[in-house]
Amino acid sequence: MSTIYDIDSGGQLPALETTDLSVFYGDTHAVKNVSFSIPARQVVALIGPSGCGKSSLLRCFNRMNDLVSTARISGDVTFRGESLYAPEVDPVEVRRRIGMVFQKPNPFPKSIYDNVAFGPRINGFEGELDTLVEESLRQSALWDEVNDRLGDSAYALSGGQQQRLCIARTLAVKPQIVLMDEPASALDPIATQRIEELIYELKKEYTIVIVTHNMQQAARVSDYTAFLYMGDLIEYGPTEAIFTNPREDQTEAYITGRFG
Amino acid sequence: MTSPSRLSGDAAGARGVRRRRTGVLFKWLCGSATMVGVVALAVLLVDVAVDGLPRIEPGFFTAFASRLPEQAGIKAALAGSLWILALTALISFPVSVAAAIYLEEYAARNWVTRIIQTNIANLAGIPSIVYGILGLALFVRALGLDRSVISGALTLSLLVMPVIIIAAQEAIRAVPSTLREAAYGLGATRWQVVSTQVLPMAMPGILTGTILALSRAVGETAPLIMVGAVGFIAFTPSGPTDRFTVLPLQIYSWISRPQVEFHALAAAGIVVLLGVLLTLNAVAIVLRNRYQTRI
């Protein structure tokens, strides 16, 4: 049983759309025939208990699952109507358009500046790198804290600052979609709040898909919420509707804290 | 005297005493086992130093081997060893690192890879004389390289490559996968991930493994005898195709002479060889420490 709301994307193509998407790891069926669409410039939260397939689903959106040798995918994902899994598609190009922020802050063992400049450099950016670095750090609300020490090691930053640096690093490549895999789970409440404020700012320009196991966070930051359970998409719709009036029993049980 | 408490062990009586004695005995047993190696090394070093140090003077490094012990020196052997060392490093390092990168970053995890992996581990355990026979058949005879420095270096490269590959694989595996993911997530190609993240991070570990493997090669004698290094030579190699000798071989040649004066020369040669080995190990330690403080 599942409930998928019709999403009004205002006549535009959805940013992402999955059709019958399944992910297998060896014999494990981690994501089961998921079909839904993600509207542009909105924040979509993927929630569900541990092992429900939300991270696996997220990693289909920028073909990170390609790096797992046992992973196999069936069905399709389209990015503005264009298939991400067509044979002629280069996964490297996909990851340039669809950026990702990981669960634990993972800055490179380089300076703050070089962390942000890494993406543009490997992608052959021709332009004013200093400006791009500053712009990206401003977008991730980190500029004021680090502008006088861009040459310092990224490891000298606090966990929350490191995560905002990772967001700046992702933005520097100018993606259209930003995927976030539990971006605040390793952070304290104040750092978490800053990340959430940042997500609110970023959705003016970017489509954001965020995996979280913190339901309050999903309720606070997202416009749409998808609830997954054991690989199935149980319910997907406007966040307010999911949280105030869930139509599926499992969704209600999960958001009221009866399991998970 | 207070009344015996339970913790005093009186309750257990003689059995407790015996048990404690066994513990102390075991500690001393293990301790002396540790000392066997240390004492043996110390005795060897002192013995060699007493015999050899008086012969370590500038003339020893500038003279060639001679049938007159007072005129004999180590120049040819030291030059030969350094030639072999440099060429072996130049050949084995790039090949081994490339192989390790392939196995860790590119190869599919299937049975072919597993067979290759097992074989590399086995190759690391093959006696060095076998490599000598291979070098003789392949480099000296089949490729016609003759008994030259390059034949020796190629043979020793075969010998050390499995060791370097395994060390490099371990260093590459130790690079956190979160860094690889971060780079892939920014649209890096596999080559960019390897060249900008994996290799710089793994390099100190790879270099340490390489140097330790090379220090093993410097002490090798058997495979070089097979490919035609000789004990008596009166010139230094001027190129990779020249004939050569190496330190361990020179030491052996001196030690097998009946005259006592040559034994002192051999001791001096051992001091020089140990100097080369300790220098290599020191470089490895410095590299490792620099790596640890940087993180």
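Heavy-atom basis, side chains included; hydrogens, waters and symmetry copies ignored. Order of the sequence lines fixes the chain letters, A, B, ..., with proteins taken first and strands second; residue numbering starts at 1 for each chain.
- Heavy-atom contacts from other residues, nucleotides or ligands closer than 6.0 Å to CZ of A/Arg41 number 12 or fewer.
- Once rounded to the nearest 0.5 Å, the distance linking CG of A/Asp114 with OG1 of B/Thr196 reads 11.0 Å.
- For the atom pair CE (A/Met100) and CG (B/Leu186), the distance works out to 11.5 Å, reported to the nearest 0.5 Å.
- Proximity to chain A (any heavy atom under 4.5 Å) is shown, for B/Ala108, by neither the backbone nor the side chain.
- Against chain B, the residues from residues 156-178 of chain A that qualify, each with a non-hydrogen atom under 4.5 angstrom away, are A/Arg169, A/Thr170, A/Val173 in number order.
- For A/Arg138, the salt bridge (charged side-chain N to carboxylate O under 4.0 Å, His left out) partners at least two apart in sequence or on another chain are A/Glu134.
- Between B/Glu181 and A/Arg59 there is a salt bridge, with a side-chain nitrogen of the basic residue lying less than 4.0 Å from a carboxylate oxygen of the acidic one.
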Show me the donor-acceptor pairs within less than 3.5 Å that the side chains of residues 270-285 of chain B make with the rest of the protein, sequence neighbours left out.
unit_1	atom_1	unit_2	atom_2	d
B/Thr279	OG1	B/Gly275	O	2.6

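- A pairwise comparison of heavy atoms in A/Asn123 and B/Gly187 identifies OD1-O, 3.6 Å as the closest pair.
- By the 6.0 Å contact criterion, CZ on A/Arg149 is enclosed, its count of non-hydrogen atoms from other residues, nucleotides or ligands being greater than 12.
- For a residue to count as touching a neighbouring chain, one of its non-hydrogen atoms must lie under 4.5 Å from one of that chain's; by this rule A/Pro107 touches chain B with the backbone only.
- In terms of heavy-atom proximity, A/Phe102 sits nearest to B/Ala182 at CE1-CA, 3.9 Å.
- When the shell of 6.0 Å around OH of A/Tyr200 is examined, it contains 12 or fewer heavy atoms from other residues, nucleotides or ligands.
- In this structure, A/Arg121 places its CZ atom where more than 12 heavy-atom neighbours from other residues, nucleotides or ligands lie under 6.0 Å away.
- A 6.0 Å sphere centred on OH of B/Tyr102 holds no more than 12 heavy atoms belonging to other residues, nucleotides or ligands.
- Listed here is the closest heavy atom pair of B/Met201 and A/Pro109: SD-CG, 3.7 Å.
- Atom OG1 of B/Thr189 is separated from atom CZ of A/Arg95 by 10.0 Å, given to the nearest 0.5 angstrom.
- Listed here is the closest heavy atom pair of B/Thr178 and A/Asn106: O-ND2, 3.0 Å.
- Counting heavy atoms of neighbouring residues, nucleotides and ligands inside a 6.0 Å radius, atom CD of A/Glu82 does not exceed 12 of them.
- For A/Lys110, the part sitting under 4.5 Å from any heavy atom of chain B is the side chain, from C-beta outward, and nothing else.
- When the salt bridge (charged side-chain N to carboxylate O under 4.0 Å, His left out) test is applied to A/Lys204, the partners found at least two apart in sequence or on another chain are A/Glu201.
- Taken to the nearest 0.5 Å, the OH atom of B/Tyr184 stands 9.0 Å off from the CE atom of A/Met64.
- Only the side chain of A/Leu67 comes within contact range of chain B, with heavy atoms under 4.5 Å apart.
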